[in-house]
Participant: 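This is the structure I have questions about; it appears just below.
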Amino acid sequence: MKTRNLLFVAMACMGLLSPMHAGVLKVETPNTQLVLDATEGQPLAMLYYGDKSATLEDISNQQSAVSNQMSAVYPAFGDIDMIHLPALQVQHAGGDLSLNLSVQNSEVRSQINYDELCVTLRDKLQPVTVRVYYKAWKNVDIIETWTEIEHQEKQPITLKRFDSGYLHIGEGDNVWLTHLHGDWAAEAVVTHEPLTRGLKVIRNTDGARNAHLDAPELMLSLDGAPEENNGRVIGAALCWSGNFELRLNAPNNSGIHFYAGIDPQSSEYVLAPKQVFTTPRLALTYSTSGMGGVSRAFHKWARSCGYLHNGNATRDILLNSWEGIYFDITEQRIIDMMNDIAAFGGELFVMDDGWFGDKYPRNNDSSSLGDWVVDMRKLPGGLQALTDAAKERHIKFGIWIEPEAVNTVSELYEQHPDWALQVPGRELKLGRGGTQLVLDMTNPKVQDFVVNMVDDLLTRNPYISYIKWDANASIQNYGHVGKGYSNNLYIDYHLGLLNVLKRIRAKYPDIVIQNCASGGGRANYGLMPYFDEFWVSDNNDALQRVFIQWGTSYFFPSNAMAQHIGGSPYQMTNRVIPIKFRCDVAMSGRLGIELQPKHMTDEERLQCTIALADYKSLRPVIQLGNLYRLNAPQSYQPVSSQFAPAKQDVAALMYVTDDKEEAVVFAYSLSNFMKQAPQRIRFAGLDPEKVYTLEEKNIRVQYNHDKNAWDAGTPCALHGKQFTGAYLMSVGLILPLCTEYTQDFPSRIFYLR
Ligand code: DGJ
């Protein structure tokens with residue numbers, strides 16, 4: 001496709017979506033713009049995506065000088081120069097693989113909060129229609145794009161490739177990619193790499209969860225190595241919970257071609273005549289203030305544009321039973337734990353796995369999923385006794401379920417073996433516990449079963465206010481009973497799941513639902529519109545959590561990130577970490593506790609009580625403030641050489657309110673060596689003119705030898721001191737971390753006002 005010069009009519013841009021020249025359309029957010037040429041009868045072309053400094057004349061003049069660039073908005077196979085990769089490829093009923101799409105018309109829908117542009121494209125030969133959408137938010141720099149594909153051919157057509165969006169980035173060789181790679185218990189490892197020539201693919205093929213290994217979000221820093229607060233950065237998040245593919249193609253001299261969509265591998269979608277296939281949304285942002293700007297845009301969008309359920313609300317402080325007692329649930333243990341969380345000042349108790357199963361009690365992970373009835377041997381008073389006890393203690397009550405799963409050892413499987421995904425005739429591949437299977441969420445009967453199960457649980461137990469929705473298996477058996485192999489399974493599974501979540505949300509908009517998938521395996525914006533938060537990781541080791549939470553914060557806001565104070569030594573890593581550090585790390589997101597309180601020392605109990613009380617006063621700033629990452633933990637090096645002690649390795653971040661009146665700073669020392677050079681931390685996001693008073697929070701408790709007991713500690717020397725925002729941001733502070741503690745993992749929290 002050739003770039004077209006714009007014949008310019010210098011018309012002032014009016015409103016957020018302005019018809020400027022016949023066919024030239026502009027979509028705008030507060031600080032960004034996307035300019036298209038949608039001339040009727042012509043291919044739809046992208047002229048510009050970036051900040052608002054570019055005038056239409058600038059854009060036109062630049063376009064005229066780069067004739068080798070592909071400007072298609074949605075490059076289709078057959079339409080573009082075949083050396084480029086397509087974003088769309090269909091196989092027509094007759095077998096032909098090509099499309100020649102041209103603009104039929106465009107339409108703008110203006111709403112209070114956003115403008116939505118739809119450009120309809122038609123194939124010149126076959127009755128195939130593609131609608132390309134752009135939704136530009138008025139309060140945040142996010143543009144969502146997606147497509148609808150429809151046809152009226154006589155037989156089904158096959159969608160062989162059907163990306164949600166494509167972006168051409170006309171930059172040279174100094175673009176850096178930032179993405180999250182990880183694993184179970186090691187989620188969201190930040191990877192920064194220069195984009196080299198050739199094709200880079202980021203993909204997840206788990207089937208049911210899509211954020212453990214590779215996640216469907218990325219950033220592209222256009223000015224070289226990424227920086228937190230400087231440089232032009234594009235951010236992208238594919239709002240989809242299933243398999244995806246993000247492709248970055250950098251051929252010789254035409255910049256970078258970015259494609260994002262559902263992974264078509266084993267998933268070429270068979271589309272019946274008149275059926276509409278809607279691709280998931282791709283959320284795009286463009287920042288001129290580095291990666292931090294991209295993160296803040298995603299956080300604001302998630303909270304205020306419906307991509308995080310109840311996004312602008314703060315979350316309760318909870319105790320979850322899992323790492324404290326695992327499957328060993330008894331009524332007494334649960335009531336004891338409720339007493340403990342109430343005594344700490346917590347607000348919610350969540351009973352995790354292990355409470356259900358009649359014929360097959362859930363005593364370990366090898367049975368009972370699907371049998372959502374209370375195990376009366378463990379809980380003789382049923383759920384009623386527990387919810388009554390919670391009510392008496394003035395705390396809320398939550399419960400764990402794994403609705404999409406079944407064990408072969410369960411009554412559900414005995415009754416409906418056909419409800420599990422399986423390849424008829426083939427041996428079952430069994431997951432967790434050696435018996436776990438995934439239910440067939442494409443089956444309407446299974447969807448009804450899940451909706452009714454949740455409905456029943458909540459109707460019978462109206463005091464339940466929180467659900468932890470877990471998903472601990474990938475799709476290993478690619479097939480359904482009755483239908484055998486189906487091309488559409490990977491996709492229809494997630495459409496079925498979304499259907500279930502929509503039905504539950506329609507009836508229960510106020511229940512808090514946590515999205516959990518063996519930790520953070522489902523942290524994605526396909527599901528978060530229905531969930532209030534997600535479990536960041538099954539790894540609760542506070543040191544590793546600094547890293548995991550750091551990476552997760554690139555795309556997800558703090559009130560969505562469930563962070564719990566774990567035990568020590570921590571069972572996965574055997575690391576001993578002081579309670580102060582464990583509290584401080586958990587307090588930077590949605591705070592909870594996950595350990596057996598009965599085993600806590602007096603020191604731990606007192607520190608936790610202080611942490612919870614302080615957290616309550618800081619909660620609105622932490623959970624709803626704007627995040628500034630100050631010092632990355634990635635620089636973690638034990639010591640550079642024996643003779644040159646390393647700089648103290650500090651990870652630091654802060655939250656600032658919109659009016660910049662209040663902020664909370666977290667600083668964690670990740671290595672503790674004698675004679676380390678101190679580390680200066682420069683704050684960000686403050687008002688340079690304002691004078692801020694520092695108050696230390698969650699002060700480390702100290703042993704009072706006179707009283708023979710643990711007592712409130714004394715704050716550090718910075719407590720009560722005042723600094724201008726300008727000083728804090730340009731000079732910064734050396735925080736008392738290494739000098740004042742004789743303990744490993746020193747950390748501090750400061751409230752600024
Ligand atoms: C996996 C979750 O990530 C854990 O938090 C816990 O809920 C277990 N499942 C329970 O089986």
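In each ligand, atom 1 is the first atom listed, and ligand 1 is the first ligand listed. Sequential numbering from 1 along the given sequence is applied to the chain's residues. These numbers come from a predicted model, not from an experiment.
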Participant: Looking only at protein heavy atoms, identify the closest one to atom 6 (C) of ligand 1 and say how far it is in Å.
Facilitator: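 I find the closest protein heavy atom is D352 OD1, 3.4 Å.
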Participant: Just checking, any donor-acceptor pair under 3.5 angstrom between side chains of E402 and N472?
Facilitator: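 There is such a pair between these side chains.
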Participant: Check whether any side-chain heavy atom of M528 lies under 4.5 Å from a side-chain heavy atom of C239, and answer yes or no.
Facilitator: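 Not touching, per the 4.5 Å side-chain cut-off.
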Participant: Hey, which atoms in ligand 1 end up nearer than 4.0 Å to a heavy atom of W535?
Facilitator: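 Matching atoms, with element in brackets: 3 (O), 5 (O).
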Participant: Show me which atoms of ligand 1 lie under 4.0 Å from any heavy atom of S518.
Facilitator: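 What qualifies from ligand 1 is 1 (C), 3 (O).
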Participant: Are any of the N/O atoms on E594, whether in the backbone or the side chain, positioned under 3.5 angstrom from an N/O atom of ligand 1?
Facilitator: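 N/O-N/O distance below 3.5 Å does not exist for this pair.
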Participant: So Y525 and Y307, would you call those rings parallel, tilted or perpendicular, with 30° and 60° as cut-offs?
Facilitator: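 It falls in the perpendicular class, over 60°.
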Participant: For ligand 1, indicate whether the residue N472 contacts it via side chain, backbone, both or neither (heavy-atom separation under 4.0 Å).
Facilitator: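 Answer for N472: side chain.
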Participant: Among all the protein's non-hydrogen atoms, which is closest to atom 4 (C) of ligand 1, and how far away is it?
Facilitator: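 For this ligand atom, the closest protein heavy atom is D538 OD1, 3.4 Å.
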Participant: Do L457 and L383 make a side-chain contact, defined as non-hydrogen atoms from C-beta onward lying under 4.5 Å apart?
Facilitator: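 Side-chain contact under 4.5 Å: yes.
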Participant: Consider ligand 1: state whether an atom of it lies below 4.0 angstrom from any non-hydrogen atom of R432.
Facilitator: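 Under 4.0 Å: yes for R432.
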Participant: Is the shortest side-chain N to carboxylate O distance from D532 to R505 below 4.0 Å?
Facilitator: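 Yes, D532 and R505 are salt-bridged.
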Participant: Using distance alone, with no hydrogens and no angle criterion, decide if Q623 and T314 have a side-chain donor and acceptor under 3.5 Å apart.
Facilitator: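 Absent: no donor and acceptor within the cut-off.
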Participant: For ligand 1, which atoms, with element, lie under 4.0 Å from some heavy atom of D353?
Facilitator: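 The atoms of ligand 1 under 4.0 Å from a heavy atom of D353 are 10 (C), 11 (O).
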Participant: Using a 3.5 Å cut-off on N or O atoms only, is C516 in polar contact with ligand 1?
Facilitator: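 It does not: no N or O of C516 is found under 3.5 Å from an N or O of ligand 1.
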Participant: Only one of L369, L421, T408, N407 forms a side-chain contact (heavy atoms from CB on, under 4.5 Å) with L437, so which one is it?
Facilitator: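 Answer after filtering L369, L421, T408, N407: T408.
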Participant: Between Y490 and Q265, do the side chains contain an N or O donor and an N or O acceptor separated by less than 3.5 Å?
Facilitator: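 Looking only at side-chain atoms, Q265 and Y490 do not form any donor-acceptor pair under 3.5 Å.
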Participant: Please list the nearest protein heavy atom to atom 5 (O) of ligand 1 with its residue and the distance rounded to 0.1 Å.
Facilitator: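 Among all protein heavy atoms, the one nearest atom 5 (O) of ligand 1 is K468 NZ, 2.8 Å.
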Participant: Geometry only, no angles: is R362 polar-contacting ligand 1 at N/O separations under 3.5 Å?
Facilitator: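 No, there is no polar N/O contact under 3.5 Å.
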Participant: I'd like to know if D375 and R362 make a salt bridge, using a cut-off of under 4.0 Å between side-chain N and carboxylate O.
Facilitator: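 A salt bridge is absent here (no side-chain N lies under 4.0 Å from a carboxylate O).
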Participant: To check your reading of the model: name the closest protein heavy atom to atom 9 (N) of ligand 1, its residue, and the distance in Å.
Facilitator: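 Of every protein heavy atom, D470 OD2, 2.7 Å lies nearest to atom 9 (N) of ligand 1.
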Participant: Quick check on E402 - does any of its heavy atoms sit under 4.0 Å from an atom of ligand 1?
Facilitator: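 Contact absent.
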